[in-house]
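What you see is a predicted model; the values in this text were computed from it and never measured. One-based numbering, in listed order, for ligands and for the atoms of each.
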Amino acid sequence: MVAFSKPTIEQFFLKACKPVNPLTFPPTIPLIDLSKPESKHLLVKACQDFGFFKVVNHGVPAKFINELESEAIKFFSSPLSVKQKAGPPSPFGYGSKNIGRNGDVGWVEYLLLDPKPEPESESDHRRLLSVFQEHPEDFRCVVDDYVTEVKKMACEILDLMADELKLEPKNVLSKLLMDEQSDSVFRVNYYPPCPEVREHEIDGGNLIGFGEHTDPQIISVLRSNNTSGLEISLRDGRWVSVPPDSDSFFINVGDSLQVMTNGRFKSIKHRVVANSKESRVSMIYFGGPPLNEKIAPLASLLETDEDSLYKEFTWFEYKNYAFNSALSHDRLGVFEKISSKI
Ligand SMILES: C=C1C[C@]23C[C@@]1(O)CC[C@H]2[C@@]12CC[C@H](O)[C@@](C)(C(=O)O1)[C@H]2[C@@H]3C(=O)O
Ligand SMILES: O=C(O)CCC(=O)C(=O)O
Ligand SMILES: [Fe+2]
């Protein structure tokens, strides 16, 4: 663990890296229309080829999305002293610039929230809600309404995957998110504009909003406003920027789903670069399994004689390892039976 001092602006720049490739996603981002259940074939292909796709006709009411975005903007626009009352994020609360506990920094402020507060974490929630001095319960309702809908969509997507992969039972994946003990997280990120980015751009630097990483859970459901910044890494190592679309959702395969499909689905490496002029607001639901769940390839997916590529572990063990590692660390590496590094 690293002791934190206030990060300097230089720490936020990716000096040693090649400039971000301005290509947009080639050829186009896989697009899944949830009103057409036959798109389940495209959905599985997208998970195999990229681990990433965009969803339209998702059924999440615009009202819930807009209310959450405006509550978030209200919160992030309040004085630092007010926001700090909701911090630090240990594990839930307000954070700024420091990401995780291992020395990562980014040009970002965020709220990490428990989508389903347990009685023991009630005090955390009270502290968090006290920040929304005027109507604290309204904020909780706005988060609950949004998360309920997004979780429903995530489960629908997981059921389509299971159907296309002919998994039994059909809810083998979605039941992990529906479980009362599901260890999911909800995050709202706010990337303020950074005027200083322009001077550094001249040196070919990019301001890092959220450093490169894969998401450890099963599935991540991301929605952002119309400010660009999200980039994904292709298998050939090129970074490409994802055109923002505030009316759609973006889905990432997480590390756990990569393992459950024995590597057929890819957990995609992604990052966010900050912007000199516009603020970016994103909200992400990370659907995770219960802590005691064994994360292993689904038996019905393994061909005869096909072995698991991974050692046995529970979500508790993986999460513990992940949260003690830096953002860019290749977390699945140590759980592979044959290291991909050789
Ligand atoms: C540096 C870190 C932040 C993170 C925990 C970790 O040690 C490595 C994984 C990171 C990540 C990425 C996806 C989600 O944003 C997140 C909440 C998660 O589950 O894993 C974050 C963690 C975090 O911000 O605490
Ligand atoms: O804010 C974003 O657009 C993505 C952030 C992200 O990848 C994360 O919070 O894990
Ligand atoms: Fe992420």
Side-chain angles (χ1 to χ4, degrees), residues 1-2 4 7 29 51-52 54 68-69 72 76 87-115 182-192 207-233 239 241-246 248-258 266-275 278-289 291 295 315-316 318-334:
M1 202 183 294
V2 174
F4 300 130
I29 294 185
F52 186 79
K54 169 168 156 171
L68 181 57
E69 183 171 323
F76 289 113
S90 51
F92 299 114
Y94 168 77
S96 173
K97 299 198 173 76
N98 294 304
I99 301 172
R101 310 179 294 216
N102 309 292
D104 286 286
V105 293
W107 195 258
V108 65
E109 292 177 50
Y110 59 88
L111 275 171
L112 276 174
L113 303 172
D114 183 351
S182 150
D183 183 36
S184 298
V185 188
F186 183 59
R187 169 170 214 139
V188 186
N189 289 329
Y190 175 74
Y191 302 90
L207 184 77
I208 275 300
F210 206 110
E212 66 176 81
H213 65 284
T214 58
D215 294 342
Q217 293 82 359
I218 295 174
I219 190 168
S220 311
V221 182
L222 178 149
R223 184 266 171 193
S224 77
N225 66 354
N226 275 325
T227 302
S228 63
L230 180 64
E231 300 187 343
I232 56 172
S233 166
W239 283 99
S241 74
V242 176
D245 179 353
S246 62
S248 304
F249 283 86
F250 293 92
I251 311 292
N252 288 4
V253 168
D255 297 343
S256 300
L257 189 54
Q258 174 170 324
K266 305 295 173 215
S267 169
I268 189 155
K269 209 194 277 175
H270 55 284
R271 68 184 183 189
V272 177
V273 291
N275 194 293
E278 316 279 350
S279 54
R280 174 177 167 88
V281 183
S282 61
M283 20 215 170
I284 310 122
Y285 167 76
F286 301 94
L291 286 171
I295 307 297
W315 168 242
F316 174 81
Y318 189 64
K319 183 181 176 186
N320 202 26
Y321 180 74
F323 278 63
N324 283 303
S325 65
L327 208 45
S328 65
H329 183 64
D330 169 17
R331 285 178 271 284
L332 273 184
V334 301

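- The atoms of ligand 2 that sit less than 4.0 Å from any heavy atom of H270 are 7 (O).
- For I218 against L257, the heavy-atom pair with the smallest separation is O-CB, 3.4 Å.
- For ligand 2 and V272, the ligand atoms under 4.0 Å from any heavy atom of the residue are 1 (O), 2 (C), 3 (O), 4 (C).
- Distances below 4.0 Å separate heavy atoms of R280 from the following atoms of ligand 2: 2 (C), 3 (O).
- At a 4.0 Å heavy-atom cut-off, ligand 1 does not touch P91 at all.
- Within the 4.5 Å cutoff, side-chain heavy atoms of I29 are placed close to those of F250.
- If you number the atoms of ligand 1 from 1 as listed, the ones under 4.0 Å from a heavy atom of A322 come out as 6 (C), 7 (O), 8 (C).
- Of all the heavy atoms of N102, the ones lying under 4.0 Å from any atom of ligand 1 belong exclusively to the side chain.
- Each of the atoms 6 (C), 7 (O), 8 (C), 10 (O) of ligand 2 lies under 4.0 Å from some heavy atom of H213.
- If you number the atoms of ligand 1 from 1 as listed, the ones under 4.0 Å from a heavy atom of Q217 come out as 18 (C), 19 (O).
- In summary, the atoms of ligand 1 found under 4.0 Å from a heavy atom of F286, numbered by their order in the structure, are 13 (C), 14 (C), 15 (O).
- Side-chain contact between V273 and S241: absent, with no pair of heavy atoms (C-beta onward) separated by less than 4.5 Å.
- Considering backbone and side-chain N/O of R187, one or more are found under 3.5 Å from N/O of ligand 1.
- Residue-to-ligand polar distances keep H213 apart from ligand 1: every N/O pair is separated by 3.5 Å or more.
- Note: F76 and Y94 have tilted aromatic rings, judged against thresholds of 30 and 60 degrees for the angle between ring planes.
- With hydrogens and angles disregarded, no donor-acceptor distance shorter than 3.5 Å links the side chain of D183 to the backbone of G288.
- Ligand 1 places these atoms under 4.0 Å from at least one heavy atom of L327: 1 (C), 2 (C), 3 (C), 10 (C).
- With respect to atom 5 (C) of ligand 2, the closest heavy atom belonging to the protein is N189 ND2, 3.4 Å.
- Residue contacts with ligand 2 leave out Y110, since none of its heavy atoms falls under 4.0 Å from the ligand.
- Per-residue contacts place Y191 under 4.0 angstrom from the following atoms of ligand 2 (heavy atoms of the residue considered): 1 (O), 2 (C), 4 (C), 5 (C).
- Short contacts between ligand 2 and R187, defined as distances under 4.0 Å to a heavy atom of the residue, involve ligand atoms 9 (O).
- Heavy-atom contacts of S282 reach the following atoms of ligand 2: 1 (O), 2 (C), 3 (O) (cutoff under 4.0 Å).
- Taking CZ of F286 as the start and CD1 of I219 as the end, the distance is 12.0 Å to the nearest 0.5 Å.
- Of all atoms in ligand 1, numbered sequentially from 1 with element shown, those under 4.0 Å from a heavy atom of R331 are 8 (C), 9 (C).
- Contact check for N189 versus F210: side-chain heavy atoms found under the 4.5 Å cut-off.
- With rounding to the nearest 0.5 angstrom, the OG atom of S182 is 9.5 Å from the CG atom of L291.
- In this structure, K269 NZ and N252 CG are separated by 13.5 Å, a value rounded to the nearest 0.5 Å.
- Remark: ligand 1 atoms within the under-4.0 Å shell around heavy atoms of D104 are 1 (C).
- Heavy-atom contacts of D215 reach the following atoms of ligand 2: 10 (O) (cutoff under 4.0 Å).
- The closest donor-acceptor contact from the side chain of N102 to the backbone of S325 lies under 3.5 Å.
- Residue Y321 places its OH atom among more than 12 non-hydrogen atoms of other residues, nucleotides or ligands, all under 6.0 Å distant.
- With sequence neighbours excluded, no residue satisfies side chain to side chain donor-acceptor pair (under 3.5 Å) with S279.
- With waters neither drawn nor counted, the protein N/O/S atoms under 2.8 Å from the Fe ion (ligand 3) amount to 3.
- Contacts between H329 and ligand 1, counted as non-hydrogen atom pairs separated by less than 4.0 Å, are absent for every part of the residue.
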